[in-house]
Amino acid sequence: MLSLRPDSRIIFLLALLSVCLVSSLSATDEVAQIKVSLDRDTIGLDEQAIMIVEISGTAQNLPRPILPTLGMFEVYSQGRSSNVSIYNGKVESTVTYRYMVLPQRAGTFPIRGVALVHKNKRYEGNPVELTVISQGTSASKDLQNKLEDSKGKSRDYYMDAVVSNKNPYVNQQVTLTLKIYFAVQTYGSPELSEPSTTGFWTEIVGNKAPYLQKIKGRRYKVIERKYALFPTQTGKLTIGRAILSATVARRRTRKDPFDVFGMFGSGEEVKMRTIPVDIEVKKLPTSGRPKDFTGTIGRFTITATANKRKVDVNQPVSVTFRINGTGNIKSVAAPILPDMKEFRIYRASSSENISKVDDKIGGTKIFEEVFIPKVPGQLTIPSLSFNYFDPDKGRYEIASTKPITLHVSKPEGYVADPEVPYAEPEMTIGANANDIRHIKNDPGELKQADQLILLKPLYLVVNSIPVILLAGMIAFRIRREKLAGDIGYARSRSASKMARKRLSTAKAKAQVETSTEFYAELSFAVLSYVSDKLNISPHGLTTEKLALLLREKSAEEQLISDVSEFLKQCDFARFAPSAVDQAKITASLADAEFLIVRIEGVSCV
Amino acid sequence: MYRIIIIIAMLILIAGSAMGETYAEAFQSANKQYESKHFEQAISKYNEILGTGFESSAIYFNLGNAYFKKGDLGNAIVNYRRAERLDPTDDDIAENLSFARNYTAIQMEGVELNPIRNFIAVTLKPYQLNLLAWVSSLCFIFLMILLTVRFGLGFKNRTLRGSIVAGITLLLVVSLLTTYKYRIDYLTDYAVLVAEDVPIHTGPTNASDIELQGMPGMEVEILSASGDYYNVLFENKRRGWVHKELVAVI
């Protein structure tokens, strides 16, 4: 047996209590609530109602609800739907169960005890009450009359427009319900032309799931479509006609002999129109109207939250004002902030989220304000009030936030003048602030504004020189290698040079005494120039062969003739030197030079 | 002919020195106004020098100081940023810019910088674009010389081949960094909010909703322009439209 000292027992009991408290709190968090509702609170004995059980919480797997024993009803499940939302980092899920409730007898029956058990804890939903009328119909006398035609026969189809309030305040929600009744089969989807709602801000609430209703012994399928209308002006406003086109089963007047089993029903297109509805919009009362009232109608709450409570001077604190409730959320104005000298205040953002709950439009409007404390210490953002008119109560109401206290400290390392550190922004960064580094006395190098070296000619030249060098060196190397590897090419490239050399040698011998050597050298210069160009041996190259080769290279006949004549003259001068004088030698040298130039002009030589 | 060239060269030198003197005098005159706490006059004088189409980091720095002393935080930060662009290594500019930024009342939340981009930006910050351009140029010349030795002179060995690969890599890296710096400094426009209250709109008209309230000293990137409005991007990636008269382009 475990024995504990008295002190230890107390600590143990406290710890146990804490654990129980924490676990119970966490369990409470996991399942927030069970909400039970009925689509109608009065039905006929032959009709049905839909019971909706909505379970919301943070638990991931919310259990199914347990229904109490409902002896006076038959209950059938119609399925479930779920919705998961993430808000402020918390996951919230809502699971909705639908049940069809069929009454067994007339009377008023409370439905209570819808519950669920989660982590050994029982959660119970709110009680609801359903009235079952013995006459077999819940329809009003007015509706029963509407569903009769002029001859007193029940109509096959009908569309009715019903408003929740014909005398609302300006900007107060009026719910318009279009009810479409079908006692005959319909084909395809009906087409609806929406009613005109001039003078209203309109939000479509949506369609309700079709249900059956027995009226004067006839079973109708009823479809409901709802609109939330907010009158934007006072006086008389009219909701226009809604028109519905649908194809319904034709009423047979005589039996079709071919439709033996009644299987081939034919369709008939019909149109239904609602009667325009007049609305008389009231002005808001002037008595008790706050001075700063901005025209918001509905029922709202306001909260304020700061993203941090401890902050340095000049550092921002984001405060979120959340206005939540039912009413025209779009018309909700930002809360008016009082003059707060200790803060600079800036509007950061605003957003709105419209929601529809029980046919009522509402939602949340969020205003984010940035507060920048100017002075250190304990600063308070005071309680802010938000005025609205509650149409249900018929009076003006005030919603308020709680004050927010901030602990503002001096930033570390701040070197401003300690006498006037944070008094006013003008003082802080004005003429008295001596804590920036002093101005420069050296003006520095003056440059033309926006002059980039990248676009200057110097930069382009410096970068292009190595490219030119590389290209030149590569070209030189290619040429050198070609000269070394291709003798024909090398001879061709050096032919002019060699010819000039030989002509120079001949020139040195251009004397009458050495005319034989001169003409031999001159003849060899011309012959070897052509042989170098054509990469053939000059030895054995005769005048006739040379003429033939030049002709092959498409040289002019005049050039070929001149070359042949020149070589003959050279031979003649070599073998008959007595006929040579100095003038002839000079002329022959010039002729040789000119011939070489002319041969160079011949293509492919 | 030579005499004419010499005369022209002397005239250019004289004109240059005269202009330099005028500039130096105007600068000292503006400094005197600053010392006498006549900040408006000092601002006017510094702006006169800048109006000639010439600039220096010292003028922008002193102009930033004058604006700061006058209490115009937005214009002070603009001019410190301009000075920093011309001389990113100057300690005085960095110090005063940092000091001025302390007075920007709103610090943007939700800023998530790309760590690689941030590293490159911080690494390149002390270097001017012109310096990086010359470094790129040197790398290019070095590579061209290596290629000339290899393909122009026909030298072949492993060291040369390795040097060429290293040269190409080095040139690629330096060129990319230079391009990045060019993009950041010259192709991307930045601006500073200079008016006391700067409404940031959801569209380029005065009738557009106000997205948020800007404050003097906040820096933005200019994405585009439409009429009298700039489409701007804040550090925390929020966008909006701001009237051109309420900002100063860096």
Side-chain angles (χ1 to χ4, degrees), chain A residues 307 314-316 318 344-350 368 370 372 374 411 413-416 425-454 456 459 462-463 465-477 480-481, chain B residues 19-20 23-24 27-28 31 34-35 37 39 49-50 53-59 61-62 65-66 68-71 73 76 86-87 91-92 95-96 99-100 102-107 109 129-130 133-134 137 140-141 143-145 147-148 151-154 178 182 186 210-215:
Chain A
N307 67 337
N314 269 340
Q315 292 299 310
S318 179
R344 288 179 181 185
I345 305 164
Y346 296 92
R347 163 68 42 80
S349 65
S350 69
E368 196 179 308
V370 176
I372 298 148
K374 292 195 277 191
Y414 192 76
V415 288
E426 291 75 19
M427 297 293 279
T428 317
I429 61 168
N432 290 339
N434 293 317
D435 36 16
I436 52 169
R437 291 198 183 175
H438 199 61
I439 54 169
K440 290 178 188 293
N441 285 320
D442 179 8
E445 191 189 349
L446 199 64
K447 290 178 185 169
Q448 189 122 29
D450 284 334
Q451 273 278 306
L452 266 182
I453 192 72
L454 287 168
K456 279 188 176 174
Y459 188 78
V462 166
N463 282 284
I465 285 172
V467 179
I468 294 166
L469 180 71
L470 174 66
M473 290 299 286
I474 290 172
F476 175 74
R477 190 180 163 211
R480 199 181 58 186
E481 284 177 353
Chain B
M19 192 176 74
Y23 156 63
F27 185 78
Q28 294 307 336
N31 281 4
Y34 179 92
E35 300 285 9
K37 298 191 187 300
F39 301 121
I49 303 170
L50 293 168
F54 288 87
E55 62 185 3
S56 80
S57 62
I59 303 176
F61 176 79
N62 288 8
N65 273 13
F68 189 85
K69 291 287 184 184
K70 191 190 147 208
L73 182 66
L86 293 178
D87 191 354
D91 186 40
D92 291 338
E95 187 65 32
N96 280 9
F99 188 85
N102 277 339
Y103 289 92
T104 311
I106 289 183
Q107 307 295 323
E109 287 183 353
L129 178 62
N130 283 352
W134 279 122
S137 187
F140 179 70
I141 292 167
L143 180 65
M144 285 297 118
I145 291 169
L147 291 175
T148 304
F151 297 106
L153 302 178
T178 308
Y182 179 61
Y186 287 87
I210 294 174
E211 175 89 12
L212 55 102
Q213 279 287 348
M215 296 183 59

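Remember, predicted model here, so these are calculated numbers, not experimental data. Per chain, numbering begins at 1; letters A, B, ... match sequence-line order.
Remark: side-chain polar atoms of B:Ser56 are not paired, donor with acceptor, to backbone N or O of A:Gly444 under 3.5 angstrom. With A:Tyr459 contributing its side chain and B:Asn130 its backbone, the two residues share no donor-acceptor pair below 3.5 Å. B:Asn31 contributes a side-chain N or O that, together with a main-chain N or O of A:Lys440, makes up a donor-acceptor pair within less than 3.5 Å. Distance alone, capped at 3.5 Å, places no donor-acceptor pair between the B:Asp92 side chain and the A:Arg437 backbone.
With a 4.5 Å cut-off on non-hydrogen atoms, B:Asp91 touches chain A through its backbone and its side chain both. For chain A, no part of B:Ile145 is nearby; none of its heavy atoms comes within less than 4.5 Å. For chain A, the nearby parts of B:Phe151 are the backbone and the side chain; heavy atoms of each come within less than 4.5 Å. With a 4.5 Å cut-off on non-hydrogen atoms, B:Leu50 does not touch chain A at all.
The CG atom of A:Leu469 lies 4.5 Å from the OG1 atom of B:Thr148; values are rounded to the nearest 0.5 Å.
A heavy-atom distance below 4.5 Å is not found between the side chains of A:Asn463 and B:Met144. Inter-residue side-chain proximity for A:Asp442 and B:Phe27 is flagged as unmet; no heavy-atom pair is nearer than 4.5 Å. In this structure, the side chains of A:Ile372 and B:Met215 come closer than 4.5 Å at one or more pairs of heavy atoms. When side chains are defined from C-beta on, B:Ser137 counts as touching A:Val462, because their heavy atoms get closer than 4.5 Å.
Across A:Pro443 and B:Tyr23, no two heavy atoms sit closer than the pair O-OH, 3.0 Å. A:His438 and B:Tyr34 get closest at one heavy-atom pair: CE1-CE2, 4.0 Å. Contact between A:Ile439 and B:Glu35 at its shortest, heavy atoms only, is CD1-OE2, 3.9 Å.
Checked against salt bridge (charged side-chain N to carboxylate O under 4.0 Å, His left out), A:Arg480 has no partners two or more places apart in sequence or in another chain. Not counting sequence neighbours, the partners of A:Glu481 by the salt bridge (charged side-chain N to carboxylate O under 4.0 Å, His left out) test are A:Arg477.
The candidate from B:Ala58, B:Ala76, B:Ala66 with the greatest count of non-hydrogen atom pairs under 4.5 Å with chain A is B:Ala58.
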